[in-house]
Amino acid sequence: MKTFFPHPLKLPLWLTVTLYSLLVLLLAWGGGKLSRDWALTSLHAQGADRLLSSISQMRLVLSQYNYLPFLVAQNTDVHRLLQPDAKNQATVNRVLEQVNLVAGSTALFVLDREGQPLAYSNWREPLAHPRSPERNARYFAQALAGEQGLELRFNAETGIASLYMSAPIYTDRLAGVAVMRLDMPQLRKQLSIDYPLVVQSKQSELIFGTVPDWPLEPQAPLQLGEGRELQLVSLGQQQWIVQQVQLDDLGWQVAVLTDIRPAITQSRTLVGAILAVGVALALLLLYLRETRHKKRLQQERMRERARSEAQQRDIINTAQVGLIHIDRSGRIELINPMGMQIFGVSVELIRHRPVVEFLEKGFDARPLRAALDALGTDRFQPLTGLEVVGQRADGSAFPMMISIRQMARHPELGYLVTIIDISRRKRLEQALREANESLEQKVVERTRALEEAQAELVQAGKLAALGRMSASVVHELNQPMTAMRTYLAIAERLLEQPEALTRNLKQQEQLLDRMALITGQLKTFAYKKPERIEPVSLHQVMTQVLQMFRGRFDELELRLEYQAPDADLRVAGDNARYEQVMINLIKNACDAMAGQSGEHRLWIGIQDIREQLVVLEVRDNGPGIAPENLPQLFEPFFTTKEVGQGLGLGLAIVSSILRDLGGEIQVVDTEQGACFRVAMPVFRDPNDCKHEEADT
Ligand code: ADP
């Protein structure tokens, strides 16, 4: 069923902790404030009660003294005392003393109309009664006016405040004044007060109080909720709530002080409690969270393990190799489906049987024996990919590959045997071997056939080359021979004309020279490698060769750009061969340019002089060499010239001469024409070499 509640909001731990802490702090602050306000309010109410109680007690006590002056004013002894020449002062003194004692006032006394004291309750203490006439006292004036007198006076010496109450004494006229004095400490004693109380006059003089310090220092008022304010005073490092009221009749200010510490303590206690509960709750939540997390992890781990076990089981069951678990004595514990398929058995049949039973009887693969014998001992060495012969349940044998390893994690469980049926592979190997053998046979036969074909081709090639050469030689020789035949025929007729005959013979000699040149070229091939290597001046060779070509150059209107080598430059070899090299190269260049219109140019010069070799370049601006001809260029009898024009021996001879002398020839790529570079060995005097070696 789908719920409509969204997934609970997942906050990061730090944020949750921060929010929670803020909440707890807010609660503590609010709770503390509320509790303080509440406690202060209750303290305030308590203070109000105390104030009321103090005032009513004071009033009650004072009311007990109100009547005393009237009582004295009614006394007949007192009346007599006010008569002229009265002699009963001692009597009145005693009466007053007794009344004072009973009533608990401080003193009672009688004044005459002049304010002169006549009798005094405390007559035994001569210093205690008024010494001077009380004429100026307010209470005296009030009594003389026929009213009840009331006055608060402060003793300048002791600082004690005393309340005077008076009443007029009438005999047949207003004869005097009866006075009662009550010292305030005495009043205080009669009040049952266990809290700080201050009573002060309108002029802020202390009448009495129960505070150690005076005056009180007012403090800034304390704001409570709902806009209420509490008046505070400080007293002895402490703050107190002060509540006061003015008694209109007496003109006194009565103030009660209430310690605010209980409120503060209460609020602090509450804050502490809230914080403690907050922390405890947080710890509990964290603990619960941790426990839940651990539980979840445990569940996940268990699920993971179950999954991995299922996976392993799956892998084992579907593996395409036979897996057998054997115990430390070599008995089969478990076998996977592929293993059963390979051996053609079922688990029930195979379990607890020694694994050796599944190897062909009499088959003795030593490493396998060693491994099986060492099962359950420290000598055991793992066996990997050993090819042996297995035996199926029906007794048939088959080739298999066997591996035995100890269980990696739990060696005490025994060993894992891996079996791979390699019958198919063996069959394929056999087929491959047979195929290889037949292929080899075929290759031998083909090679032989090819060799035969190649020999035939070589033969044919040789014959063709020979044919080409014969045609050229025949053609080259035929021409002068025909001419000579003609000259000979003419010579017979010229026997009588010696001059003409001499000319004729000269021409025949020239023809013979030409024929000698042709055969001479062929002869070069038959030459052996020169045995003597001499210093050859390249400068001299070039001068001779160029001299020879002068006529041909003129004929071709050829412009020669020749950079003569240094006269003392010597190459190793012999003059005739270097001349032949140069003649062939220059002749080829001339032949190539001959068929071309336009300006004919030939460049000859030293291109490079290295330590061992001098490189001479021969370049023309003829048609150049077609790329397809490059590979055969230096082969004998390769020519692009028409039959009779060339034998195709020039470059082959050049190449062979240079090879023999230790140099080489190369065709170089150029934009136009052909360019040959001839590297010739620099001549070094063997004696110099010896000297050099000796020097080094
Ligand atoms: P032949 O000159 O008798 O043909 P070579 O061995 O001297 O024999 O030359 C072989 C071929 O090389 C020539 O037929 C020609 O095609 C090419 N050849 C040689 N030198 C040049 C050159 N300077 N310019 C163009 N082709 C050249």
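Every value quoted in this text rests on a predicted model; they were computed, and no experiment measured them. Just the heavy atoms: all of them, side chains too, but no hydrogens, waters or symmetry mates, feed the values below. Order of listing sets the numbers, starting from 1, for every ligand and every atom in it.
- Looking at Glu664 and Arg659, no side-chain N of the basic residue comes within less than 4.0 Å of a carboxylate O on the acidic one, giving no salt bridge.
- For the residues Lys587, Lys641, Met593, the heavy atom positioned nearest atom 1 (P) of ligand 1 is part of Lys641.
- Contact annotation: Gly624 has at least one heavy atom less than 4.0 Å from an atom of ligand 1.
- Figure legend: Arg392 and Phe398 shown as a cation-pi pair, the cationic atom lying under 6.0 angstrom from the six-membered ring centre and within 45 degrees of its axis.
- Residue Ala674 places no N or O, backbone or side chain, under 3.5 Å from any N or O of ligand 1.
- The shortest contact between atom 27 (C) of ligand 1 and any protein heavy atom is with Ile625 CG1, 4.1 Å.
- For the pair Gln391/Leu359, no side-chain contact is recorded, criterion being any heavy-atom separation below 4.5 Å from C-beta on.
- The closest approach between a heavy atom of Gly648 and any atom of ligand 1 is below 4.0 Å.
- Counting heavy-atom neighbours within 6.0 Å of Glu499 CD, excluding the residue itself, gives a total of 12 or less.
- Taking all heavy atoms of Leu649, Asn621, Thr639 into account, the minimum distance to atom 4 (O) of ligand 1 is reached by Thr639.
- No side-chain N or O of Gln441 forms a donor-acceptor pair with one of Glu437 less than 3.5 Å apart.
- A salt bridge is defined here as a Lys NZ or Arg NE, NH1 or NH2 lying under 4.0 Å from an Asp or Glu carboxylate O, and Glu387 with Arg425 meets this definition.
- Considering backbone and side-chain atoms alike, Ala592 places every N or O at 3.5 Å or more from each N or O of ligand 1.
- Proximity of Pro623 to ligand 1 is not established, as no heavy-atom distance is less than 4.0 Å.
- Atom 20 (N) of ligand 1 has Asn588 CB, 3.1 Å as its closest protein atom, hydrogens excluded (heavy atom only).
- The N/O atoms of Thr640, backbone and side chain alike, include one that comes under 3.5 Å of an N/O atom in ligand 1.
- Residues Gln580 and Arg577 bring no donor and acceptor atom of their side chains to less than 3.5 Å of each other.
- Contact annotation: the side chain of Asp620 approaches that of Met593 to within less than 4.5 Å [non-hydrogen atoms, C-beta and beyond].
- In this structure, the side chain of Asn584 does not engage the main chain of Ala652 through any donor-acceptor pair within 3.5 Å.
- The protein atom (non-hydrogen) at minimum distance from atom 12 (O) of ligand 1 is Leu633 CD1, 3.6 Å.
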| Please walk me through it: do Gln508 and Asn504 pass side-chain hydrogen bond (donor to acceptor under 3.5 Å, both in side chains)? | CA-CA 6 Å; Gln508 286 195 51; Asn504 180 300; 2.8 Å; yes
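- Ranking the protein heavy atoms by distance from atom 11 (C) of ligand 1 puts Phe638 O, 4.0 Å first.
- Below 4.0 Å from some heavy atom of Asp620 lie the following atoms of ligand 1, by number and element: 22 (C), 23 (N).
- Contacts between Leu585 and ligand 1, counted as non-hydrogen atom pairs separated by less than 4.0 Å, are absent for every part of the residue.
- Residue, atom and distance of the protein heavy atom nearest to atom 6 (O) of ligand 1 are Leu651 N, 2.8 Å.
- Proximity of atom 18 (N) of ligand 1 to the protein is not indicated, since no non-hydrogen protein atom lies closer than 4.0 angstrom.
- For ligand 1, the atoms sitting less than 4.0 Å from at least one non-hydrogen atom of Ala589 are 23 (N), numbered in the order shown with element in parentheses.
- For the pair Phe549/Lys587, a side-chain contact is recorded, criterion being any heavy-atom separation below 4.5 Å from C-beta on.
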